[in-house]
2 protein chains.
Amino acid sequence: MLRLSKRADYALMAMKHLAVNGPLRAASTREISQAYDIPVELLAKVLQRLARAGLLTSQQGIHGGYQLSRPAPQISVAEVIEAIDGPLTMTACSEVDESCDQYSRCNVRDPLWRIKKRIVSALSESSVADLAADSAVSSPVMFHSPGREATVGTGQ
Amino acid sequence: MLRLSKRADYALMAMKHLAVNGPLRAASTREISQAYDIPVELLAKVLQRLARAGLLTSQQGIHGGYQLSRPAPQISVAEVIEAIDGPLTMTACSEVDESCDQYSRCNVRDPLWRIKKRIVSALSESSVADLAADSAVSSPVMFHSPGREATVGTGQ
DNA sequence: CAATCCCCGACTGGTTTAGTCGTATTTTAG
DNA sequence: CTAAAATACGACTAAACCAGTCGGGGATTG
Ligand code: SF4
Ligand code: SF4
């Protein structure tokens with residue numbers, strides 16, 4: 001159904017949180033999990049994978065946490081998703097996996113791969129900064145924007 | 001992982017088959033299933049759904065089968081996928097489904113929906129004619145089979 | 001009337017995924 | 001030095017999903 005996993009979803013939320021919440025301060029797993037009501041152990045695993053993929057830097061210890069390892073505009077959502085869910089493929093087959101039963105007779109492989117490329121580029125062109133720019137709700141400090149399109153308060 | 005289901009995959013293969021294999025002749029489920037080595041009962045269900053969605057017309061009886069209900073260029077792959085897998089959503093939430101636990105606090109919903117729109121439009125701009133145009137060479141069916149009783153001796 | 005084809009829903013087994021648990025390691029406050 | 005706070009890692013479970021199967025119908029043609 002062309003759906004991305006909940007893990008990836010959480011990853012993007014965390015990335016946006018880290019982008020909005022000052023790239024200077026480190027945010028702990030607990031802080032993020034409480035902010036968005038995400039099971040803490042699950043989020044922990046997600047953040048660890050992001051760190052291992054080089055998108056985040058981790059700092060252990062009492063005042064530790066995670067920070068973006070690069071400026072937000074230089075991190076694409078495609079990278080984030082791939083770090084969590086592996087290479088994003090639209091079909092069961094791929095350039096490196098021909099294990100599909102219909103591979104030899106399939107007549108839509110190539111056209112479908114072309115469509116996949118368009119999707120990937122769409123995801124590559126969006127950065128987490130774009131996510132953050134949209135509507136910076138839930139940030140403790142945010143400047144008041146003149147009344148246009150104020151998202152209805154989430155009363156947090 | 002942003003992957004479409006096998007069913008949708010089969011549906012696209014069948015649609016291309018019907019587009020290439022003359023929009024005049026009706027093709028039976030058996031014919032298509034044999035051409036691409038797809039389990040016949042599974043393909044049957046897929047074709048039925050496509051018919052119910054109005055993308056195919058069915059003809060019962062001894063020389064029946066399926067035909068495209070519209071010219072191939074006017075059928076988008078988005079339609080085909082949605083007919084099989086339901087409305088294509090990239091996240092667990094949607095305009096009509098707020099059942100996600102994080103819905104109220106989520107900070108990536110809107111930006112993600114915007115990306116989804118780009119993907120949907122990419123799928124809507126591709127027609128099954130485009131699939132067929134790609135490499136029209138790959139139709140592994142014989143053209144010379146009108147009504148011939150070419151039953152191979154399968155010793156029934 | 002019988003062969004061929006579409007129609008429909010219920011079922012099953014395997015895979016994937018969301019979420020949990022337990023334990024170890026690193027850092028810093030006191 | 002020690003305890004608290006934090007990341008790191010892997011094994012585990014329950015539920016959801018999905019590919020594929022079965023069986024009972026009904027329509028069309030010759
Ligand atoms: S080979 Fe064809 S049928 Fe198999 S996964 Fe790729 S596109 Fe789908
Ligand atoms: S509300 Fe947010 S977290 Fe929940 S499915 Fe939608 S985008 Fe994902």
Side-chain angles (χ1 to χ4, degrees), chain A residues 1-11 13-14 18 25-34 36-53 56-67 69 81 84-86 89 91-93 99-102, chain B residues 1-11 13-14 18 25-34 36-53 56-67 69 81 84-86 89 91-92 99-102 145 147-151 156:
Chain A
M1 233 180 286
L2 223 39
R3 180 172 302 175
L4 56 81
S5 73
K6 215 69 189 300
R7 275 182 275 241
D9 219 342
Y10 293 156
M13 292 171 72
L18 291 170
R25 198 170 68 76
S28 71
T29 305
R30 174 173 316 243
E31 172 189 325
I32 302 178
S33 93
Q34 286 177 349
Y36 305 102
D37 199 26
I38 301 171
V40 59
E41 282 301 339
L42 182 51
L43 179 64
K45 229 180 345 183
V46 167
L47 293 175
Q48 282 159 29
R49 289 184 91 147
L50 290 175
R52 227 183 310 181
L56 296 181
T57 60
S58 65
Q59 177 60 31
Q60 290 192 150
I62 190 120
H63 282 145
Y66 292 93
Q67 293 176 264
S69 64
I81 295 174
I84 298 298
D85 283 341
T89 58
T91 55
C93 64
S99 63
C100 171
D101 286 346
Q102 287 79 29
Chain B
M1 234 180 283
L2 223 40
R3 179 172 304 176
L4 56 82
S5 74
K6 215 70 189 299
R7 275 182 275 244
D9 220 341
Y10 292 157
M13 292 171 72
L18 291 170
R25 198 169 69 76
S28 72
T29 304
R30 176 174 314 245
E31 173 188 324
I32 302 178
S33 93
Q34 287 177 350
Y36 304 103
D37 199 26
I38 302 172
V40 58
E41 282 302 338
L42 182 51
L43 179 64
K45 226 180 348 184
V46 167
L47 293 175
Q48 282 159 28
R49 289 183 92 147
L50 291 175
R52 225 182 313 180
L56 296 182
T57 60
S58 64
Q59 177 61 30
Q60 291 192 150
I62 189 119
H63 280 145
Y66 291 94
Q67 292 175 266
S69 64
I81 295 174
I84 298 299
D85 282 340
T89 59
T91 56
S99 63
C100 171
D101 286 346
Q102 286 78 30
S145 71
R148 282 269 313 224
E149 197 156 339
T151 38
Q156 186 261 338

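Reckoned from all heavy atoms, side chains included, excluding hydrogens, waters and symmetry mates. Residue numbers begin at 1 in each chain, while the letters A, B, ... track the order of the sequences.
Taking a 4.0 Å limit (strictly below) on heavy-atom distances, residues 4-11 of chain B does not reach DNA chain C anywhere.
Taking the side-chain contact (heavy atoms from CB on, under 4.5 Å) definition, one finds that B:S69 meets it with B:T57, sequence neighbours left out. Taking A:E41 as the reference, nothing meets the salt bridge (Lys or Arg N to Asp or Glu O under 4.0 Å) condition, with sequence neighbours excluded. Residues that satisfy the side chain to side chain donor-acceptor pair (under 3.5 Å) test with B:S5, not counting sequence neighbours, are B:D85. For A:S58, there are no side chain to side chain donor-acceptor pair (under 3.5 Å) partners at least two apart in sequence or on another chain. For A:R3, the side chain to side chain donor-acceptor pair (under 3.5 Å) partners two or more places apart in sequence, or in a different chain, are B:T89. Partners of A:A51 by side-chain contact (heavy atoms from CB on, under 4.5 Å), not counting sequence neighbours, listed by chain and number: A:L56, A:Y66. Not counting sequence neighbours, B:Q59 has no partner by the side chain to side chain donor-acceptor pair (under 3.5 Å) test. For B:R30, the side-chain contact (heavy atoms from CB on, under 4.5 Å) partners two or more places apart in sequence, or in a different chain, are B:S28, B:Q34.
When each of B:D101 and B:A27 is assigned the nucleotide of DNA chain C bearing its nearest heavy atom, the one mapping closer to the 5' terminus is B:A27. Nearest-nucleotide assignment on DNA chain C puts the 5′-proximal partner with A:P39, out of A:P39 and A:G61.
Read 5' to 3', the first and last nucleotides of DNA chain C with an atom closer than 4.0 Å to a heavy atom of chain A are C:dT17 to C:dT28.
Rounded to a whole Å, the CG atom of B:D85 is 12 Å from the C1' atom of D:dA19. Between the CD1 atom of B:I84 and the C1' atom of D:dG20 there is a distance of 15 Å, given to the nearest Å.
When every heavy atom of B:L43 is checked against every heavy atom of B:S33, the shortest pair comes out as CD2-N, 3.5 Å. Closest non-hydrogen pair, B:Y36 versus A:Q102, comes out as O-CG, 3.1 Å.
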Quick tally for nucleotides 8-13 of chain D: nucleotides whose base has a protein heavy atom under 4.0 Å get B, sugar-phosphate-only ones S, the rest -, giving BB-B--
